[in-house]
Amino acid sequence: MAESGMVIIGAGEAGARAAVELRARGWPGTITIVGEEKWGPYERPPLSKRQLLADDEQTPVHILREEMLVEHNIRLLTGRPAVHIDRSGHFVEMADGSRLRYERLLLATGARPRKLPIAGPVGEKLIYLRTFDDALNLRPRLAAGRRIAVIGGGFIGLEVAATAVERGCAVTLIEIGPRILMRAVPSEIAALMEARHRAAGVTFKLGAGLQRIAETADGFELLLADQTVVRCDEVVIGIGAVPETTLAAECGLEIENGVKADERLATSDPAIFAAGDCCSFPHVRYGGRRIRLEAWRNAQDQGIHAAANMLGANEPYRAIPWFWSDQYDLTLQVAGLPEFGVSAAVRELGGSAKLMFHLEEDGTLAAVSGIGPSSAIAKEVRIGEKLVERRASIDAVRLADPGVKLKSLL
């Protein structure tokens, strides 16, 4: 084994940002990123949009290019899965039998797609979108005139539906819940996004349980709980993600909706930290409630924060959750956690743009949600995020009045 250093398992957003931050903060020793995929760290948001539209794009959008790895003296091991963590010996065992010693270890293992319980040949032909190779597999199947069934009305399902429509496909979206974006956004904003999809030609089957998927001579046949039959050429599944906790659980770390971390992102082993989609943590802004976030910016922010605490900063993670999704000409953005709100103030911005301010019982602003062209809502949501961070308590009438500049409320 080589000298003890900083080891990061997971070559995604959180892992890449952590590695750069460790070096920026003066860590002089080795930094090693371990990744299962053949690709180095790359951006995942383009997978359901740009990289499904661009037929000639054969490589992902890299976060750490070769010159950055050299500049920061970061060792990247791709296509090299870790198979075991020895906590007492402070080493990670790799699939090839080699070992990496660590002084501090970061688990940034992300999440994997939640699978439908369908085995056999049919199950193997269902399409999931999580990696760049998944996008390469899906892209040629979204040819003009093809019939695409999307199961799941969350961000991934809706983004794939929008992209498929742009490529000329006929899309049917099936969601078991009564509406789309059940966990992510308030119903009023979900309704606006649904209307935009319907205007683009997407057919919705809401409140529709799935009974069976069968292969046919020319594609697939889906039988819904109400006995409706949907025929299609391809089936894309977007029913959420499961935190990747295999290594953590196997070595005895505490698991609670992901790798259980404290407010500093340290796990039950003080030498091991967690960040990104795999990590659950108590959020100090929301009364210490334990949450897990699947979002690009959270992975980025937590990777940076974990790196600081791996070097002894000992600071709680306070960043306000922020989500976004681009579909057609609309952007949806959420800053904070709307589920903590018990009432809402709605600000109409004209056209298709709208903001919703989610207020806690004591009037404190818990979150702000926005939908519309990016130019109409991005700045407003950024200001709303600062208000959420400051625990601002503002009269609902003023929040709803478009004549009151949000900046004046800071």
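Computed over heavy atoms, backbone and side chain alike; hydrogens, waters and symmetry mates excluded.
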### Query
Within 45° of the ring axis of Phe91 and under 6.0 Å from its six-membered ring centre, is that where the NZ or CZ of Arg101 lies?
no
#### Entry: Minimal non-hydrogen separation, Gly110 against Cys278, with atom names
O-CB, 3.3 Å
### Message
Less than 4.5 Å apart, side chain to side chain, heavy atoms only: is that true for Ile291 and Tyr286?
### Response
no
#### Entry: Minimum heavy-atom distance Ala16-Ile33, with the two atoms named
CA-CD1, 4.3 Å
### Query
Would Asp269 and Arg104 satisfy salt bridge (Lys or Arg N to Asp or Glu O under 4.0 Å), going step by step from the backbone distance to the final call?
CA-CA 10 Å; Asp269 183 326; Arg104 294 286 185 273; over 6 Å; no
### Task
For Glu13 and Arg44, run salt bridge (Lys or Arg N to Asp or Glu O under 4.0 Å): C-alpha distance rounded to whole Å, both residues' side-chain angles, the deciding distance at 0.1 Å, then the answer.
CA-CA 8 Å; Glu13 189 78 37; Arg44 293 189 187 273; over 6 Å; no
### Task
Using the salt bridge (charged side-chain N to carboxylate O under 4.0 Å, His left out) rule, pick out the option among Arg50, Lys49, Arg17 that qualifies with Glu43.
Arg17
### Task
Start with the C-alpha gap between Leu265 and Cys279, add the side-chain angles, then the distance that decides, and say whether side-chain contact (heavy atoms from CB on, under 4.5 Å) holds.
CA-CA 8 Å; Leu265 306 182; Cys279 165; 4.1 Å; yes
### Message
Could you go through Ile127 and Asp134, starting from their C-alpha distance and side-chain angles, then the distance that decides it, and tell me whether this counts as side-chain contact (heavy atoms from CB on, under 4.5 Å)?
### Response
CA-CA 8 Å; Ile127 300 171; Asp134 291 338; over 6 Å; no
#### Entry: Closest heavy-atom pair and its distance - Asp301, Ala319
OD2-CB, 3.9 Å
### Query
When you look at Asn257 and Arg292, which way does the side chain to side chain donor-acceptor pair (under 3.5 Å) test go after all the steps?
CA-CA 7 Å; Asn257 184 29; Arg292 186 176 65 83; 3.3 Å; yes
### Query
Using 4.0 Å as the upper bound for N to carboxylate O, is an ion pair formed by Lys205 and Glu175?
no
### Chi angles and distances behind the side chain to side chain donor-acceptor pair (under 3.5 Å) call for Asp362, Thr364
CA-CA 6 Å; Asp362 63 358; Thr364 301; 2.9 Å; yes
### Query
Parallel, tilted or perpendicular for Trp324 and Trp322, by the 30°/60° rule?
parallel
### Query
Which atom pair, heavy atoms only, marks the closest approach of Ala108 to Ile8?
CB-CG2, 4.5 Å
### Task
Dump the intermediate steps for side-chain contact (heavy atoms from CB on, under 4.5 Å) on Leu355 and Val346, then the final yes or no.
CA-CA 6 Å; Leu355 293 177; Val346 179; over 6 Å; no
### Query
Taking atom CD of Gln227 as the centre, does the number of heavy atoms from other residues, nucleotides or ligands within less than 6.0 Å exceed 12?
yes
### Task
Starting from the C-alpha separation in whole Å, work towards a yes-or-no answer on side-chain contact (heavy atoms from CB on, under 4.5 Å) for Leu53 and Thr163.
CA-CA 7 Å; Leu53 290 170; Thr163 302; 3.7 Å; yes
### Task
Apply side chain to side chain donor-acceptor pair (under 3.5 Å) to His197 and Gln327, showing your working.
CA-CA 9 Å; His197 276 272; Gln327 299 168 39; 2.6 Å; yes
### Message
To the closest 0.5 Å, what do you measure between OG (Ser369) and CD (Gln333)?
### Response
10.5 Å
### Query
Testing Leu116, Ile176, Val230 for side-chain contact (heavy atoms from CB on, under 4.5 Å) with Ile151, which one passes?
Leu116
### Whether Arg80 side chain and Val34 backbone form a donor-acceptor pair below 3.5 Å
no
### Query
Are Lys115 and Tyr128 in a cation-pi setup, meaning NZ or CZ lies under 6.0 angstrom from the ring centre and within 45 degrees of the ring axis?
yes
### Query
Does the pair Tyr317 and Phe281 meet the rule for a ring-ring contact (aromatic ring centres under 6.0 Å, His included), with working shown?
CA-CA 9 Å; Tyr317 180 74; Phe281 66 101; 5.5 Å; yes
### Query
Quick one: CG on Asp262 to NZ on Lys260, what's the gap to the nearest 0.5 Å?
10.0 Å
### Query
What do the steps show when you test Glu21 against Arg23 for salt bridge (Lys or Arg N to Asp or Glu O under 4.0 Å), and what is the final call?
CA-CA 5 Å; Glu21 186 69 11; Arg23 194 63 81 203; over 6 Å; no
### Message
How about CZ on Arg212, more than 12 heavy atoms from neighbouring residues, nucleotides or ligands closer than 6.0 Å, or not?
### Response
no
### Thr245 (side chain) donor-acceptor with Ala248 (main chain) under 3.5 angstrom
no
### Query
How far apart are the C-alpha atoms of Glu244 and Thr109, what are their side-chain angles, what is the distance that settles it, and do they pass the side chain to side chain donor-acceptor pair (under 3.5 Å) test?
CA-CA 6 Å; Glu244 180 47 72; Thr109 48; 5.8 Å; no
### Task
For the pair Glu380 and Lys407, evaluate salt bridge (Lys or Arg N to Asp or Glu O under 4.0 Å) and give the outcome as yes or no after the intermediate values.
CA-CA 8 Å; Glu380 305 296 301; Lys407 196 169 183 179; over 6 Å; no
#### Entry: Spatial distance of atom OG1 (Thr246) from atom CG (Leu107) [nearest 0.5 Å]
11.0 Å
### Candidate list Gln51, Glu37, His62, test side-chain hydrogen bond (donor to acceptor under 3.5 Å, both in side chains), partner Tyr42, passing option
Glu37
### Message
What's the separation between atom CD1 in Ile180 and atom OG in Ser187, rounded to the nearest 0.5 Å?
### Response
11.0 Å
### Query
Can you tell me how far the CG atom of Leu293 sits from the NE2 atom of His283, to the nearest 0.5 Å?
7.0 Å
### Task
Decide, yes or no, whether a salt bridge links Arg264 with Glu315 under the criterion of side-chain N to carboxylate O below 4.0 Å.
no
### Message
Do Ile213 and Glu221 make a side-chain contact, defined as non-hydrogen atoms from C-beta onward lying under 4.5 Å apart?
### Response
no
